Novice: 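Below is the structure I would like to discuss, written out as structure tokens.
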There are 4 protein chains.
Amino acid sequence: MIGVTAAAGPPRAPGRPRSTRADEAIIDAVLDLLAEGTNAEAISIEAVAARAGVGKATIYRRWANKEALLVDAIMNLKGQSPDLTGTSVRDDLAALLRPVGRSRRPHPAAAVLPCLISEMHRNEQMWAGYQQVVEPRRQLMRDVLERGIRTGELRADLDVELTLALLTGPVLIQHELRWNPRLDPASLPERVVDAVLEGIGGPAR
Amino acid sequence: MIGVTAAAGPPRAPGRPRSTRADEAIIDAVLDLLAEGTNAEAISIEAVAARAGVGKATIYRRWANKEALLVDAIMNLKGQSPDLTGTSVRDDLAALLRPVGRSRRPHPAAAVLPCLISEMHRNEQMWAGYQQVVEPRRQLMRDVLERGIRTGELRADLDVELTLALLTGPVLIQHELRWNPRLDPASLPERVVDAVLEGIGGPAR
Amino acid sequence: MIGVTAAAGPPRAPGRPRSTRADEAIIDAVLDLLAEGTNAEAISIEAVAARAGVGKATIYRRWANKEALLVDAIMNLKGQSPDLTGTSVRDDLAALLRPVGRSRRPHPAAAVLPCLISEMHRNEQMWAGYQQVVEPRRQLMRDVLERGIRTGELRADLDVELTLALLTGPVLIQHELRWNPRLDPASLPERVVDAVLEGIGGPAR
Amino acid sequence: MIGVTAAAGPPRAPGRPRSTRADEAIIDAVLDLLAEGTNAEAISIEAVAARAGVGKATIYRRWANKEALLVDAIMNLKGQSPDLTGTSVRDDLAALLRPVGRSRRPHPAAAVLPCLISEMHRNEQMWAGYQQVVEPRRQLMRDVLERGIRTGELRADLDVELTLALLTGPVLIQHELRWNPRLDPASLPERVVDAVLEGIGGPAR
DNA sequence: TGTTAACCGAGACGGTACGTCACGTCTTACA
DNA sequence: TGTAAGACGTGACGTACCGTCTCGGTTAACA
């Protein structure tokens, strides 16, 4: 009551405020474990608490369960966006798809994702978290497509959302599920972009 | 005749042979639990043993762990193949894609699959099991595409394997990951087939 | 005052302290099972946990294994000491020996003891537990013998420890091992006391 | 009814007779395991069968359970009787007691015995087995005592059975139970013999 | 000389209990 | 009230043996 700050912001909950140090330590611990190659579903709350130097209760006060913690953790690691040259729609799309499908641990989100799918099927909140993670990348791709429409590289009546799925789906299943052993994952992004563009591009053909 | 019989048949392992009744009871128990809506990763060996009327050791004698049991179980449930009218490539491909992406539990394999992905990333044997499950469906699609090439519905230099990925990927990620909330899963199969065909079709355009 | 309190009391371990209710419930459960006639080696941790309304982990947090639990349990049941009349060394010794050898379940410790012997041969800690159980009774007998020495009932140079063994040994093996079918266990304590006293007594002879 | 042989001996069961090689192999396997220091209660039928190169059923066809097998096994190993000089009752008794109480594994029977006690309390047959093992040694001691009575070394009205217990009991409990840490097990046999003789001896005093 | 019945090894069977682990909750003392 | 620590009840894990039950294949006395 000392200052005038009382009117500023939310009413300020009573008691000791939550430590931001704990927040960060927890998220960092998860990310560390992930980075060490620990399989996401093999990460235990107990291990996270121990590594973060935090009590288990402190974790459960912030997240409902392990999965919620994991989504939150992967949301806190933004994969750096690839440089888009902007010279051609084709090159930009390929640049966006490449990190999804190329290396062994391309995008850290992709590593955790499979472990969360089954949980997502039961937990509505988790979908929201996932959407928050993928939406920015999806938007990047949308921007490229819309730019292509404006410049005439793509046909005007292109269904953008469908095209996103056409581009991402093949690369993603091949990476996550090793769907087809006869397909080379390394060259897949480019080939997918070409195949889709060839079909949907306006003057290209 | 004596010498000829030497080569006939497997040498027959010593000891009491494994009970085929147990095999079936175990697989059936897993399938039952799955059918009841139990999430695959929530299935416990103890529950399977209890329902199958079987000792836990009998399960562990056959499978190394829970995941191995699950792959084997889903391999034992062949989703019935959809009727292919054969009238057009487009219709047949849509018929093949529809069960993948449409309903809540379309193909039972699809229901278990997400739970196994993370295990598959560690266990090489499990990939083989998965391939055995999807390969037949992939082959069906290949047959349709090759028929289309022969009839001229599709261009002669079509890359069949790539086309499989282009068709299946979008439907699969939308179903398994609810990848894009702006896409309607119900109509997706047809739209994907059309979009891909439009691009890769020969005289169609 | 600040500095003085530093040395006061145990440092108090962090975290939730162990529940004394659990301690008691577990020990009571063991004792109950024993009292019901369950053979000590047939007692399972699972049964103890179930009866005590306690998780197995709670037991394993306190005791390393089943045997350690059992010794601890029998240590918590002090057989009531017999009334010593004090009129004569002979009567008091017989009174002390009688509960060891007489009935079917004379001293509860005697019932569990045989089951633990083999474990004791491997586990040094267990000997300590056993000593704690028998030492008080041994001391009672020592007191009687030393009183006898002071009163002149026993010779002055009596080897007290050896005499303890001479008195207890025969009764114990007859009870625990039914060592000799020609010996009547009921009358044995008195006869042993008489035989030993006759030899070691001073003026008695 | 054909021959007169009907009255002679057991009727000879039909079918293949039991292999004596198996009998020996099984007993030997138990004895081997015991000799290697395996604790008797830690011996498993499976281990015995494996070591004997025998099927488990072959064991169960002969013995009802593990304990019955163990008693039978220890009955098949007769500890060699010590040389009795015959010069004095004292020396002979001490010679008989010494192997019971001295070394770490004095008499192999003594090693198994503790593990069987609890089982013996439930199983009447097992007592019989135990008696068969100890009776010969008891008889040796009886012989010495009776010889002492005849020669006048011991009093004529000596209770032989009681004296057996007085001699054996203290040594046995000290060895099996490490009953009293203040007693030296090495010198115990002689001291017990002396103490008992001093009391029960006739002219000795 | 077959037949026959119980034996043999091997090992699978349904069970029970083991001791470990992680879950998500609860309970301390302290800040 | 938040926090670190750690105990709590729960329940599955994968292992080890239990004592029983098939298997295909001996092994001897009887017929």
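Order of the sequence lines fixes the chain letters, A, B, ..., with proteins taken first and strands second; residue numbering starts at 1 for each chain. This one's a predicted model, so the numbers in the text were calculated from it and none came from an experiment.
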Novice: Look at the side-chain N and O atoms of B/Arg61 and state whether any lies under 4.0 Å from the OP1 or OP2 oxygen of E/dC13.
Specialist: yes
Novice: Could you check how far CD1 of B/Ile59 sits from P of E/dC13, rounded to whole Å?
Specialist: 11 Å
Novice: Hey, does the side chain of A/Arg21 come within less than 4.0 Å of F/dA4's phosphate (OP1/OP2), counting only N and O?
Specialist: no
Novice: Expressed in angstrom and rounded to an integer, what is the separation of D/Lys66 atom NZ from F/dA16 atom P?
Specialist: 15 Å
Novice: Please tell me if B/Ser19 has a side-chain N or O lying less than 4.0 Å from either OP1 or OP2 of E/dA12.
Specialist: no
Novice: Specify the separation, in whole Å, of atom CD of D/Glu46 and atom P of E/dC13.
Specialist: 14 Å
Novice: Are A/Val71 and A/Trp63 packed together at the side-chain level, in the sense that at least one heavy-atom pair is separated by less than 4.5 angstrom?
Specialist: no
Novice: Hey, is A/Arg62 close enough to A/Asp23 for a salt bridge, meaning N to O under 4.0 Å?
Specialist: yes
Novice: Between A/Glu36 and A/Arg51, is there a side-chain N and carboxylate O pair less than 4.0 Å apart?
Specialist: yes
Novice: For the side chain of C/Lys56 and the base of E/dG19, is some donor closer than 3.5 Å to an acceptor across the two?
Specialist: yes
Novice: Would you indicate which nucleotide in F/dG9, E/dC18, E/dT28 comes nearest to any side-chain atom of C/Val54?
Specialist: F/dG9
Novice: Phosphate oxygens OP1/OP2 of E/dA5: is one of them under 4.0 Å from a side-chain N or O of D/Arg18?
Specialist: no
Novice: Can a donor-acceptor pair under 3.5 Å be found between the side-chain atoms of B/Arg16 and the base atoms of E/dC13?
Specialist: no
Novice: What's the CD1-P distance between A/Ile26 and F/dA5, to the nearest Å?
Specialist: 12 Å
Novice: Take C/Ala64 and B/Thr20, find for each the nucleotide of DNA chain E with the closest heavy atom, and name the residue whose nucleotide sits nearer the 5' end.
Specialist: B/Thr20
